[in-house]
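Nothing fancy with the numbering, it's 1 onward along the sequence. Owing to the predicted nature of the structure, the values given are computational and were not obtained by experimental measurement. Atoms within each ligand, like the ligands themselves, are counted from 1 in listed order. Worth knowing before you read on, the calculation uses all heavy atoms, side chains too, and leaves out hydrogens, waters and symmetry mates.
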Amino acid sequence: MAIIIDGKAISQSIKDEVKAEVAELKEQGITPALAVIQVGSDPASTVYVGNKKKACEYTGIISKSFNPDENITESELLAIIKELNIDPTVNGILVQLPLPKHISESKVIAAISPEKDVDGFHVQSAGALMTGEKGFVPCTPAGIIELIKRTGIDIEGKECVVIGRSNIVGKPMAMLLLKENGTVTICHSRTKDLKSITKRADILVVAIGKPKFIDGSYIKEGAVVIDVGIHRGENKKLCGDVDFETAEPKAYAITPVPGGVGPMTIAMLMKNCLEAAKAANM
Ligand code: NAP
């Protein structure tokens with residue numbers, strides 16, 4: 001039986017650690033604050049934003065909401081970000097994606113001050129991760145490193161395979177595994193003979209965006225399997241990019257969906273906000 005990596009419990013520990021540090025900061029007169037911008041009222045975004053605000057409430061971080069109409073122009077949105085960049089009472093700025101089609105996401109992300117880029121999507125943050133400088137790391141891959149480490153799994157020297165090369169998951173994931181001294185391979189849609197590569201993996205991170213794509217036949221006996229995917233099946237049940245039923249018997253440890261990677265993203269966002277507040281008050 002594989003170890004089922006409990007993302008709910010681990011994320012709870014991280015939120016509790018953040019909460020304790022926020023309380024200490026408050027005693028010194030510092031209150032971390034996150035500005036959350038949601039353009040329009042897409043129902044999925046509303047749920048994500050709501051969960052982020054709840055986590056802020058739990059940890060003691062102030063959340064300041066901005067909910068402009070979906071017809072806001074790009075320059076009006078950029079003006080809001082400009083204001084928040086110079087607002088000393090705001091430590092982190094989060095723009096919920098996706099944005100309406102008439103607004104350039106890359107321009108908006110580029111407008112956020114790197115010191116407040118708690119999502120870690122700014123090119124300066126990406127560059128810092130690449131070169132080993134200080135900077136914010138995207139929350140999902142940062143959370144995966146925590147899941148692996150807090151399960152007592154050593155990354156150093158391990159054969160690590162990441163499926164997916166998106167800017168928010170695959171690429172930063174690969175850089176973080178490399179930073180931990182893993183030997184890293186990145187796979188994508190043009191990779192030839194995917195299975196021959198995944199079967200070498202001691203640690204396999206799957207961020208492919210296709211429900212149950214990776215079954216047990218892709219997995220080496222005794223591997224650690226991290227499933228980043230999240231999909232709602234026809235029966236309304238959530239599932240990941242990994243076929244849990246056939247993968248679990250092969251794995252040494254595996255993340256479930258739900259309750260694996262998902263809860264970690266928000267916990268790491270809280271951690272990034274705390275770090276932003278600490279850095280701003282150093
Ligand atoms: P994405 O931008 O769609 O990237 C998917 C990646 O998978 C791409 O790099 C693509 O390759 C690769 N791919 C597609 N088909 C493939 C195939 N047959 N063989 C090998 N590689 C293949 O997705 P993402 O944003 O990284 O997200 C991945 C999954 O994680 C999604 O299910 C998403 O919902 C989930 N997610 C979850 C969280 C969370 O908090 N739990 C956070 C973010 C994302 P190309 O680059 O060649 O197209």
What pairs with Lys26 under side-chain hydrogen bond (donor to acceptor under 3.5 Å, both in side chains), at least two apart in sequence or on another chain? none
Can you pull out every salt bridge (Lys or Arg N to Asp or Glu O under 4.0 Å) where at least one residue sits in residues 243-272? Sequence neighbours excluded, please.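 Of all non-adjacent pairs touching residues 243-272, none passes salt bridge (Lys or Arg N to Asp or Glu O under 4.0 Å).
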Which residue pairs satisfy the salt bridge (Lys or Arg N to Asp or Glu O under 4.0 Å) criterion with at least one member in residues 190-206, sequence neighbours excluded?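 Checked against salt bridge (Lys or Arg N to Asp or Glu O under 4.0 Å) - neighbours excluded - the pairs reaching residues 190-206 are Glu159-Arg200, Asp202-Lys220.
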Check against side-chain hydrogen bond (donor to acceptor under 3.5 Å, both in side chains), Ser166 and Lys171: CA-CA 6 Å; Ser166 70; Lys171 281 185 209 154; over 6 Å; no
Report all protein residues having a heavy-atom distance below 4.0 Å to some atom of ligand 1; order the list by chain, then number. Thr140, Ile163, Gly164, Arg165, Ser166, Ile168, Val169, His188, Ser189, Leu194, Ala207, Ile208, Gly209, Lys210, Phe213, Val228, Gly229, Ile230, His231, Asp241, Val261, Gly262, Thr265
Looking at Gly157, is its backbone amide N or carbonyl O close enough to the side chain of Asn181 to form a donor-acceptor pair, meaning the two atoms are under 3.5 Å apart? no
Under the side-chain contact (heavy atoms from CB on, under 4.5 Å) rule, what do Ile208 and Val228 come out as? Steps first, then yes or no, please. CA-CA 8 Å; Ile208 194 169; Val228 189; over 6 Å; no
